Amino acid sequence: MQHGGKILAAQLAKMGVKRVFQVPGESFLAALDGLLDHDIEVVTCRHEGAAAMMAEAHAKLTGQVGVCFVTRGPGACNASAGIHIARQDSSPVVMFVGQISRSDRGREAFQEVDYRQMFGDLAKWVEEVDQTERLPEFIQRAFQTALSGRPGPVVLALPEDMLSAACHNLPLREGAVLHQASDLAEPAKTIMERIERAQRPLIVVGGPHWSADAAQSLREFAEANNIPVAAGFRRQDYIDNQSFAYAGDLNVGLNPKLAACFKKADLIIALGSRLGDIETQGYSLMADRKALVHIHAGAEEIGRVWPTELGVVARADEMIAALHKCAPLQRQPDWMAECRAAYDAWLQPTESPGDAKQENIIGWLSETLPKDAIVTNGAGNYAAWLHRYFSYKSYGTQLAPTSGSMGYGFPAAIAAKLEHPAKTVVCLAGDGCFQMTLNEMSTAMQHGASVIVIVMNNRRYGTIRMHQEKTYPARVSGTDMATPDFAALARAYGGHGETVQNDGQFAAAFKRAEASGKVSIIEVQLDDDVLSTGQSLSATRALALKG
């Protein structure tokens, strides 16, 4: 006889799970007990939102299912931000939620929530497990669902009495059969024929299922066929940015010249990307019903938003492998060179106000960090400097939320460092973004995740202030904030802290942080006039007042 927590843990081990992220709750104590019997690392977090974000970052980094445990009611509510990230970023996550006892349902018992309703529009599948003996079945299906088609999050609620109940030893389920590749030679041939007819084709990459091999195949295919490649929002590590085929990324602060190239293109090959709101600038770049070849693992995504000339249901990595095998087309390099020139021009720094210039700091990081260093970020205007001036050279080196969730960068960095302890892991954060999850400093200390956090401190919610100044110039309301001494905060947690007031001090501060071997914070104190990569606060306000 075994209780349900032991059965659950045994099934997770059978599925190959090596690490789970959690904030403990009495509702799933049986699961914590079961995990003791297996070689599964239990990472104890300080907030359920961060636990879910770590699981999502683990999934994004490894391509495997990220697993987290949270308790009922408030715990599940806190974790919902991470589930939303997993949904919009197409990351396979399975979240287990402790639940009230089965006999108490329907009475609004302590912390009772109907998780099918709560997560129904956020997750791919939500279920509550009522029978202990069915745990292996539900877990196997949860993993299969999270990984199949367009990957995403699954939520399983575990009633406390079901989890602690004992039953006879059960046969465990084998790991999910993730994918069986079909022959893509014919679709690849058709796509090549369509590209041959185009004068200005543009590949847009994004979505799930990428790998280092796929990134290399993409580069070789694009260069051999003289086709420019644009990366989707926060998918810049899908191709070496130093490739002369790389044309830049389709992000929030889009390079105007890349936007012009997109509009000029007569064929878009969307490879794994959904071509969503951000990539198409509020759906405007595709408004002229541009010819589209759409390759996506989720059949439901093809034709969902855009009329599609040719749709192929396939994983991006397998499609690029098939395309790479095709004989190169005899195309002139002029169009690709035009798109690359637009990117090269965008890399030229626009000087920002003050002594601590983010363009110089990011430029130094881009030139100095190891090729395989992992750089993470959350959301905020500070990230625009990273996206514009940092050159990603290897796959698996960018962890950032396409959902635009603040607070993501630090939990993601912790997950990355636990998975790759020998690699340099850097989290770039704004003061507002970092303060949403900085309590995970103690998680990093407890589990030995010696990441380096660079906090760009402008003492405000910068992105919202930018929109505020554009819409209601000089009427500042609710966007300023007080900030702590971040370097002192790092030391309070037992880490290493530095404060930088000009970019000339940054390199030495970074090297000291790296040498410390501890989780570190480098606070960069920005000028009050800093706002975006293209315009200062004062200039933005003046332009808005002018009308």
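Numbers here are sequence positions counted from 1. Quantities reported herein were computed from a predicted structural model and do not represent experimental measurements.
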**Message:** Out of the candidates Val455, Thr443, Val451, Ile521, only one should pair with Phe410 under the side-chain contact (heavy atoms from CB on, under 4.5 Å) rule; please name it.
**Reply:** Val451

**Request:** Could you label the plane-to-plane angle of the Trp364 and Phe506 rings as parallel, tilted or perpendicular, counting under 30° as parallel and over 60° as perpendicular?
**Result:** perpendicular

**Request:** Measure up the His387 and Phe233 rings against each other and bin them: parallel (under 30°), tilted (30 to 60°), perpendicular (over 60°).
**Result:** perpendicular

**Complete:** Closest non-hydrogen contact found for Trp335 with Cys261 is CH2-O, 3.3 Å

**Asked** Got a sec: does the CZ of Arg459 have more than 12 other heavy atoms crowding it under 6.0 Å?
**Response** yes

**Ser538 vs Ser536, side chain to side chain donor-acceptor pair (under 3.5 Å): CA-CA, chis, key distance, verdict** = CA-CA 5 Å; Ser538 56; Ser536 66; 3.2 Å; yes

**Asked** Any idea how His296 and His294 line up, ring-wise: parallel (<30°), tilted (30 to 60°), or perpendicular (>60°)?
**Response** perpendicular

**Request:** Kindly indicate, with the supporting measurements, whether the criterion salt bridge (charged side-chain N to carboxylate O under 4.0 Å, His left out) is fulfilled by Arg200 and Glu338.
**Result:** CA-CA 10 Å; Arg200 295 175 301 279; Glu338 179 182 340; over 6 Å; no

**Asked** What pair of heavy atoms forms the shortest contact from Ala379 to Gly404, and how long is it?
**Response** CB-O, 3.4 Å

**Leu428, Thr397, Leu369, Asn377 screened by side-chain contact (heavy atoms from CB on, under 4.5 Å) with Phe390, the one that passes** = Leu369

**Fill in**
In short, Lys417 meets Ser450 closest at the heavy-atom pair CE-OG, 3.4 Å

**Item:** Over 12 non-hydrogen atoms of neighbours within 6.0 angstrom of NZ in Lys263
**Value:** no

**Item:** Evaluation steps, side chain to side chain donor-acceptor pair (under 3.5 Å), between Glu359 and Ser352
**Value:** CA-CA 8 Å; Glu359 61 272 16; Ser352 55; 2.7 Å; yes

**Message:** Between Trp210 and Tyr395, is the ring centroid distance below 6.0 Å?
**Reply:** no

**Request:** Would you sort out whether Glu523 and Asn457 count as a side chain to side chain donor-acceptor pair (under 3.5 Å), showing the intermediate values?
**Result:** CA-CA 7 Å; Glu523 177 186 346; Asn457 186 3; 3.0 Å; yes

